[in-house]
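This report concerns only the one structure given below.
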Amino acid sequence: MLCLACGAEMRLVQVAKDATMFVPGYEHHTWQCSSCSTVEQRMTFTRGGTPTPTVPLEPAQTVPAEPTQTVPVEPTQAVPVEPTQTVSAEPTQPVSTEPTHPEPTALQTNTWAKALEKLRRFEERAMAVKEAARETERRAQFNRDWDNLRSVPPPSASTLP
């Protein structure tokens, strides 16, 4: 989730089950911005009624954690983190590294082709309008030049040597 104030990534700092709803599975999530320390609370629905088997994960290798820059938080906004759910995972499942993009359907392809053809026709019409304006300007310039040629008096016989 992104912070509404600064746009940075927010961290989940507390999860508390909600007992006021008649349906189980609602939780209060407290999020804290990693940049500006803004705290936001959201009520979310999770499938709390579905039991999940817990399988402990054994780490393959340990990596030392690098210290990160911390921003002081006001004491009134500090909330302790209490894990309430365990996540189950199976370490033997292969993970696909190739992105999966759905192939476009015939309808999507046809719609895209129609949009491109419409754009081409629009560009052709715009070019035709520009060409017509150039031709009109060229003819107007020719007429101005022609009128200027007619207004020049013909050379007189007295000026000839």
Side-chain angles (χ1 to χ4, degrees), residues 1-140:
M1 187 162 83
L2 298 179
C3 178
L4 296 175
C6 69
E9 189 70 26
M10 297 194 76
R11 295 179 299 222
L12 184 62
V13 293
Q14 182 182 21
V15 176
K17 299 235 184 250
D18 183 49
T20 61
M21 301 297 280
F22 293 114
V23 180
Y26 284 95
E27 296 176 340
H28 291 278
H29 288 193
T30 304
W31 296 84
Q32 183 177 13
C33 179
S34 60
S35 178
C36 67
S37 299
T38 302
V39 176
E40 294 183 16
Q41 293 184 343
R42 300 274 190 262
M43 179 181 271
T44 59
F45 180 77
T46 59
R47 297 181 183 197
T50 308
T52 57
T54 59
V55 176
L57 284 177
E58 295 181 22
Q61 71 182 158
T62 57
V63 178
E66 296 181 3
T68 59
Q69 182 181 6
T70 59
V71 178
V73 179
E74 296 177 19
T76 58
Q77 293 180 347
V79 182
V81 176
E82 297 176 7
T84 57
Q85 277 188 327
T86 57
V87 177
S88 63
E90 297 195 18
T92 59
Q93 292 179 344
V95 177
S96 173
T97 58
E98 296 179 15
T100 57
H101 299 289
E103 292 296 322
T105 63
L107 179 62
Q108 290 172 337
T109 305
N110 192 23
T111 304
W112 184 250
K114 285 181 182 179
L116 286 176
E117 183 60 33
K118 188 176 181 180
L119 179 63
R120 284 188 195 109
R121 285 193 307 257
F122 178 75
E123 288 174 342
E124 288 172 0
R125 285 194 310 265
M127 290 301 292
V129 168
K130 286 180 184 178
E131 187 61 34
R134 275 191 227 119
E135 181 65 22
T136 303
E137 179 57 32
R138 189 183 65 78
R139 288 183 183 197

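Under the rule for a side-chain contact (heavy atoms from CB on, under 4.5 Å), the partners of Ala5 that lie at least two apart in sequence or sit in another chain are Cys3, Cys36, Thr38. Judged as a side-chain contact (heavy atoms from CB on, under 4.5 Å), and not counting sequence neighbours, the contacts of Val23 are Tyr26, Phe45. Legend: residues meeting salt bridge (Lys or Arg N to Asp or Glu O under 4.0 Å) with Glu124, ordered by chain and number and at least two apart, are absent. Remark: Met1 engages Met10, Trp31, Glu40, Arg42 in a side-chain contact (heavy atoms from CB on, under 4.5 Å) (not counting sequence neighbours). Partners of Leu119 according to the side-chain contact (heavy atoms from CB on, under 4.5 Å) rule, which considers only residues two or more places apart in sequence or in another chain, are Glu123.
Within the structure, side chain to side chain donor-acceptor pair (under 3.5 Å) pairs that include any residue of residues 125-138 comprise Glu131-Arg134, Glu135-Arg138, Glu135-Arg139, Glu137-Arg144 (at least two apart or interchain). Applying the salt bridge (Lys or Arg N to Asp or Glu O under 4.0 Å) test to pairs two or more places apart or on separate chains, none has a residue in residues 28-39.
Rounding to the nearest 0.5 Å places CD of Glu27 at 9.0 Å from CG of Leu12.
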For this session: Could you walk me through whether Lys114 and Glu117 pass the salt bridge (charged side-chain N to carboxylate O under 4.0 Å, His left out) test, one step at a time?
Result: CA-CA 5 Å; Lys114 285 181 182 179; Glu117 183 60 33; over 6 Å; no
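Side-chain contact between Val15 and His28 is absent, with no heavy atoms from C-beta onward closer than 4.5 Å.
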